[in-house]
Amino acid sequence: MSRYNAREIEPKWQKTWEDAQVFRARIDRTKPKYYVLEMFPYPSGRIHIGHGRNYVMGDVVARFKRAMGFNVLHPMGWDAFGMPAENAAMEQKSHPAKWTYANIETMKAQLKLLGLSVDWSREFATCDPAYYKHQQKMFLDFHRLGLVARKEANVNWDPVDHTVLANEQVIDGRGWRSGALVEQRKLTQWFFRISDMAEELLTALDGLERWPDKVRLMQRNWIGKSEGARVTFALTDAKHKSLEIFTTRPDTLFGASFCAIAPDHPIAQEIAKTNAGLKNFIVECKRHGTTAAEIETAEKMGFDTGLRAKHPFVAGATLPVYVANFVLMEYGLGAIFGCPAHDQRDLDFARKYGLPVPAVVVPAGEDPQTFSVGTEAYFGDGVLANSDFMNGMSVEDAKRAVIAKLEGMGAGKRTITYRLRDWGVSRQRYWGCPIPMIHCASCGVVPVPDKDLPVTLPEDATFDQPGNPLDRHPTWKNVVCARCGKLARRETDTMDTFVDSSWYFARFCDAQAPGPTNKEAVDYWLPVDQYIGGVEHAILHLLYSRFFTRAMRKAGYAGLSEPFAGLFTQGMITHETYKDPDGKYLFPEEIEKRDDIAVKRGTNHRVTIGAVEKMSKSKKNVVPPEAVADTFGVDAARWFMMSDSPPERDSEWSEAGIEGAWRYVQRVWRMVDEALPHLPGFGAAAPDGFGEAAIAVRQVTHRTIAAVTDDLERFRFNKAVARLYEFVNALSDFKPEGDDGQWARREALETLTILMNPMVPHLAEECWQALGAATMAVNAPWPKAEAALTRQDTVTIAIQVNGKRRAEIDMAKDSDAKTVEAAVLAMDTVAKAIDGRRVKKVIIVANRIANVVVELSGA
RNA sequence: GGCCCCUUGGCGGAACUGGUAGACGCAACGGACUUAAAAUCCGUCGUUCGCAAGGACGUGCCGGUUCGAGUCCGGCAGGGGCCACCA
């Protein structure tokens, strides 16, 4: 008996696949296409097994679809621009390119170890000018189409990374990479006009049926559509004639007791010029952060501007206009009217400053004369009161009525506001795609002519100090104006790296295309049929890509709007964490487990076993793929990753788990190896008839085909694995006798081999070859379940009496209700359970259950 | 604060659209083989009562709908996610 040696067998098959170039994808219109893509990696150093799950999952899909007859595209590349490279360059006194390409080399070798069915001929790195020159071209095209804007705006400034961040990259008031508290700065920046597409990006979410609801909901919330009205308040002041506010509750206009504007609202800024008190107040507002805790505890603060706003409907009534710390310039119009009775913040504010709290929406069952609000605002539904022409209306009717009236008076109109901001893409960093623009003293902003592309990064930049290396480079930014020929300055900002990843999937369709995309290839391969990645990109990358694809369509580079037809967000791999007595983290290989305790390897020092957490370098709870491949083989790792948890959930990596997977690999090989001498030849004709035992095995075989196919189709890898375990268990119990039995055994083993191939491709190749196939398993078609063998002739029907299971009975499938009822009532066990009570009725669910309902004794 | 999701044995998890809860794996335990160990094979494995046959209880908690609820509805608790002074 030969033992399965993964360390020799796995590299052998990887080489065979590579030599035969089996994963090379080509346009082939005789087959349906299938584009599988995992979110491409950032080359940060080394991968650990936690990264692997994502790629293995994609690989299982790719290999499965391939066997199902699809023309599969499964590419890989590198999201290679970004801050870590620059930080590493600063620390190691090296160059970001050197660091990045070294990491790519390491990680590529590690990925190859996993035996992925990737078409490596399409590989590229986004930091290659051959890639980013196309990005610059598209930037210029988008600029021409009005999709790019340069504007002054309040931006998020990361004081540690010395760069601007997009809203999506600020988490809890801190930079998503540096963790530094973000400051607000007013800067002139480049923006993609994503907010113009807010409505389209929102409604198109409904069409993304193969996306998780969770992700669609997150995008919906992020886009944040609010329907309401803008209302113009006339001001009593001669200098400032009117104030425009946005509200989603115009129905509560009669409950208004003040107006409030943001500290950076133009009117506030104007008054602050001559009012030192307000100026100080505005400075005070800016000092407060925006972290969750600070918002929770922040007190409402206001400064009375002295301005008074006239109520649009109540002659003679005026409202004080405050500058308030809780009003945001970025949302709506930066101005509100305060209705304390029906908004908690307005109520807190009104109580603090002693403003009136008139209630205008009264909950059902409350008396409008006596209903009042204490410390809790009422924002539920109800009936309008104290509101003149709206009295007695529902909230919805009142909204319509008041908007109509305001529109009639020219004092307001129905408006839709979105939370989504334009995407600021300027970054004051070196390691990114240069923005191809020129600043000329006489011509203003001038695009770099297409013929001068790419604008490449200078290699001799310095990284020994913070700030933008491009800006301080002695010569790089000197350029002649493309319009007037005078000396001008190059744009020294680079693009947000999320731009790089917003179109790479289109580039993969033809990575050698002379333009940004090859239209024929893009039309053939896109959309991505199955995209796989972490849910952490639910908003950032996935929203940007949806925008970018639309922009590419407008510019003629793509023929569709939605790049990803199917999305799957996979869970993380977690692992226990270990700490030595000093509180320092230890790698799993540094510890040794003895019974329930852990000690430092080779010592008696007790190690604390900490929480199970997402694998990360900082917690040291990582497992290198090389070590796993060496001891257990890659197939065992792949099998374990697919078996342990449902793919969307987190999965814990454990030594026991990988050992279990390794046992499976050995067991399958042993089973094939032991069967070989007894089996008929590969492709031998089926015998004339099958005995009972052989038929039973064939039934298991074909039912397994049906089940595993369905499970893989639906991304239920853990169930597919469980089915295959059951199959192997059944085969182990099978003791074939006669030619028919041996033929059925061969059929079963061949089937098993191909069914498990997507998960354990090296083992499958080895088995396939041993079974005598002349072709590779990777090219073998997926087996088909024969209906005659999957059909169930008898079914087990559970019998309940008053809903409690009392017995079961085997019946011919699809027996009619009368037959089942008669058979059930004839059973001794049933009679015993009925115990002489009167049978009220018998409920029969075909092929499943019979419930005998009897009178309750004594009731 | 708003919105959303989750909660099933010692553990990971099965259970299609309301129809036999606990598939499959891991761990554990008992046994066989072995000088011994590993590997392998056979068996047990939700709790509980019982010699057994069999019974009772059981899917976070309380209640409801139903012949029947892990699954549907209402409430509560715990855990997680996203957004967040968003008007």
Side-chain angles (χ1 to χ4, degrees), chain A residues 3 171-173 212-215 217-222 224-226 228-229 245-250 252 260 262 288 290-292 294-301 324-328 330-339 342-346 348-349 379 417-419 535-536 538-539 639-640 643-646 649-652 654-661 663-664 666-667 670 707 710 714 716 718-729 732 796-808 829 832 840-854:
Chain A
R3 192 176 166 83
I171 316 289
D172 258 0
D213 289 341
K214 183 174 59 170
V215 174
L217 184 68
M218 281 163 69
Q219 291 214 356
R220 214 167 270 136
N221 291 341
W222 185 262
K225 181 177 182 174
S226 297
I245 62 94
F246 173 75
T247 179
T248 54
R249 292 296 301 273
T252 63
H288 290 278
T290 50
T291 62
E294 279 169 304
I295 288 165
E296 206 71 47
T297 55
E299 211 180 321
K300 304 282 174 285
M301 294 194 303
N325 63 339
F326 66 93
V327 180
L328 307 173
E330 297 79 45
Y331 186 77
L333 299 164
I336 61 160
F337 80 80
C339 175
H342 307 293
D343 182 286
Q344 192 59 44
R345 288 156 310 168
D346 296 351
D348 295 346
F349 189 83
F379 32 83
T417 309
Y418 299 90
R419 220 186 65 109
V535 75
E536 68 273 15
I539 296 168
W639 186 253
F640 176 42
S643 68
D644 193 46
S645 285
R649 261 194 239 181
D650 286 353
S651 168
E652 189 185 344
S654 67
E655 195 75 3
I658 180 72
E659 280 170 16
R663 275 201 295 274
Y664 172 84
Q666 294 295 332
R667 187 178 170 202
R670 209 165 46 236
D710 187 52
R714 295 156 77 164
R716 299 160 87 150
N718 55 325
K719 281 186 69 187
V721 165
R723 301 283 193 187
L724 290 170
Y725 268 114
E726 283 180 287
F727 189 27
V728 169
N729 289 344
S732 303
T796 305
I797 293 172
I799 301 167
Q800 300 180 336
V801 175
N802 280 358
K804 286 205 186 337
R805 198 179 74 89
R806 294 295 172 194
E808 57 184 44
T829 45
K832 204 178 141 208
K840 288 204 286 193
K841 57 179 164 175
V842 180
I843 291 161
I844 308 285
V845 179
N847 302 325
R848 282 189 183 278
I849 211 155
N851 191 7
V852 183
V853 184
V854 302

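Because only heavy atoms are used, hydrogens play no part in the values below, and waters and symmetry mates are left out as well, while side chains stay in. Sequence lines set the chain letters: A, B, ... in the order given, protein chains first and strands last, and positions in each chain run from 1.
- Residues passing the ring pair (Phe, Tyr, Trp, His ring centres under 6.0 Å) test with A:F326 are A:F349, sequence neighbours excluded.
- Here B:G74 is in the anti range [glycosidic angle more than 90° from 0].
- Nucleotides B:C4 and B:G19 have their P atoms positioned 26 Å apart, rounded to a whole Å.
- As rounded to the nearest Å, B:G50 and B:G13 have C1' atoms that lie 32 Å from one another.
- B:A36 and B:C24 have their P atoms separated by 32 Å, with the value rounded to a whole Å.
- With a 6.0 Å radius and a threshold of 12 heavy atoms from other residues, nucleotides or ligands, A:K225 has its NZ atom above the threshold.
- Within 4.0 Å (heavy atoms only), A:T796 reaches at least one base atom of the nucleic acid.
- Here the separation of B:A15 from B:U8, taken at their C1' atoms, is 10 Å to the nearest Å.
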Practice item. Treat primed atoms plus P, OP1 and OP2 as sugar-phosphate and everything else as base, then score nucleotides 21-32 of chain B 5' to 3': B for base contact with protein heavy atoms under 4.0 Å, S for sugar-phosphate contact only, - for none. Key: --BSSSS-----
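- Side-chain nitrogen and oxygen atoms of A:R345 include none within less than 4.0 Å of the OP1 or OP2 phosphate oxygen of B:G1.
- The residue A:L217 sits close only to the backbone: its heavy atoms come under 4.0 Å of sugar-phosphate atoms, none of a base.
- Comparing B:G64 with B:G58, their P atoms sit 15 Å apart, to the nearest whole Å.
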